[in-house]
Amino acid sequence: MARLNIPDSTEAPESTRSTLAAVERQLGFTPALHRLMSNSPAVLAGFTALQGSLAKTLDAKTRHSISLAVSTVNDCGYCLTAHTYVAAIAGKMSREDIALACEGSSEDPRRAAAAQFAKRVIETRGNVDEQDLASVRDAGYDDKQIIEITALAAQFLLTNFLNNVAGTEPDFPSLAESAH
């Protein structure tokens with residue numbers, strides 16, 4: 001049971017309803033995460049703006065790999081279920097690559113470097129060492145992309161923390177069991 005109020009879309013503050021409706025049109029339902037965030041219109045607006053901007057960075061499979069690596073580090077069951085589902089369905093990632101992403105790796109060496117770097121960002125609270133930077137640079141990432149990887153890690157950290165604090169129950173179909 002959730003520890004914070006997760007309103008349904010009709011109970012959410014009026015100023016958040018158009019954003020929630022847009023999310024519902026995109027996904028076919030309104031995830032509990034977005035409804036949780038609607039308790040604070042500023043948080044929902046800030047998150048959706050950040051999410052929209054960062055969705056234009058890197059490639060989708062790399063973003064999915066980062067989401068899975070970060071959510072694993074933070075032990076966020078809600079986000080792992082959601083990101084596993086989205087990576088499998090929208091991202092067309094294999095079960096094996098999803099499992100590797102959870103470990104901060106990938107079948108693709110370049111994607112593995114990004115996922116591993118994001119994992120290290122979270123594990124070290126941003127205090128990555130020179131070897132961490134060298135590894136991601138050796139995979140071909142430049143400073144712009146390293147900043148994007150870091151920002152994506154922070155975006156997923158935010159949702160992990162919110163869902164862990166709230167005790168949000170997963171509302172995406174569960175593929176996690178069969179992917180690991």
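Count residues from 1 along the sequence. Values reported hereafter were calculated over all heavy atoms of this structure, with side chains retained and with hydrogens, waters and symmetry mates removed.
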With heavy-atom distances below 4.5 Å as the criterion, would you say the side chains of [X] and [Y] are in contact?
{"X": "Thr16", "Y": "Asn39", "result": "no"}
{"X": "Leu133", "Y": "Phe117", "result": "yes"}
{"X": "Ile149", "Y": "Val136", "result": "yes"}
{"X": "Leu100", "Y": "Asp97", "result": "yes"}
{"X": "Cys79", "Y": "Ser67", "result": "no"}
{"X": "His83", "Y": "Phe156", "result": "yes"}
{"X": "Arg35", "Y": "Asp171", "result": "yes"}
{"X": "His34", "Y": "Gln51", "result": "yes"}

Indicate whether any N or O donor in one side chain lies under 3.5 Å from an N or O acceptor in the other, for [X] and [Y].
{"X": "Tyr78", "Y": "Asn164", "answer": "no"}
{"X": "Ser135", "Y": "Gln131", "answer": "yes"}
{"X": "Asp108", "Y": "Ser106", "answer": "no"}

Is there a donor-acceptor pair closer than 3.5 Å between any side-chain N or O of [X] and the backbone N or O of [Y]?
{"X": "Asn163", "Y": "Thr159", "result": "yes"}
{"X": "Arg63", "Y": "Leu152", "result": "no"}
{"X": "Ser40", "Y": "Met37", "result": "no"}
{"X": "Thr84", "Y": "Thr81", "result": "no"}
{"X": "Arg111", "Y": "Ser65", "result": "no"}

- Query: Relative to the ring of Phe172, is the ring of Phe29 parallel (under 30°), tilted (30 to 60°) or perpendicular (over 60°)?
  - Reply: perpendicular
[X] to [Y] - nearest heavy-atom pair and separation:
{"X": "Thr124", "Y": "Val128", "value": "OG1-N, 3.3 Å"}
{"X": "Val73", "Y": "Glu123", "value": "CG1-CG, 4.1 Å"}
{"X": "Met93", "Y": "Ala101", "value": "CE-CB, 4.4 Å"}
{"X": "Ala12", "Y": "Pro7", "value": "N-CB, 4.0 Å"}
{"X": "Ala69", "Y": "Ala115", "value": "CB-O, 3.8 Å"}
{"X": "Ile66", "Y": "Ala153", "value": "CG2-N, 4.1 Å"}

- Message: If I take atom CG from residue Leu80 and atom OG1 from residue Thr72, how far apart are they, to the nearest 0.5 angstrom?
- Response: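 Nearest 0.5 Å value for the CG-OG1 distance: 4.5 Å.
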- Note on the structure: Here the gap from Glu96 atom CD to Glu107 atom CD, rounded to the nearest 0.5 Å, amounts to 6.5 Å
- Item | Salt-bridge contact Arg137-Asp142 (side-chain N to carboxylate O under 4.0 Å) | no
- Hey, which of Gln116, Arg120, Lys119 is the one that makes side-chain hydrogen bond (donor to acceptor under 3.5 Å, both in side chains) with Asp132?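 The side-chain hydrogen bond (donor to acceptor under 3.5 Å, both in side chains) with Asp132 is passed solely by Arg120 among Gln116, Arg120, Lys119.
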- Message: What verdict does the side chain to side chain donor-acceptor pair (under 3.5 Å) test give for Thr62 and Asp59, after you've listed the backbone C-alpha separation in whole Å, the side-chain angles of each residue and the deciding distance to 0.1 Å?
- Response: CA-CA 5 Å; Thr62 299; Asp59 64 273; 2.7 Å; yes
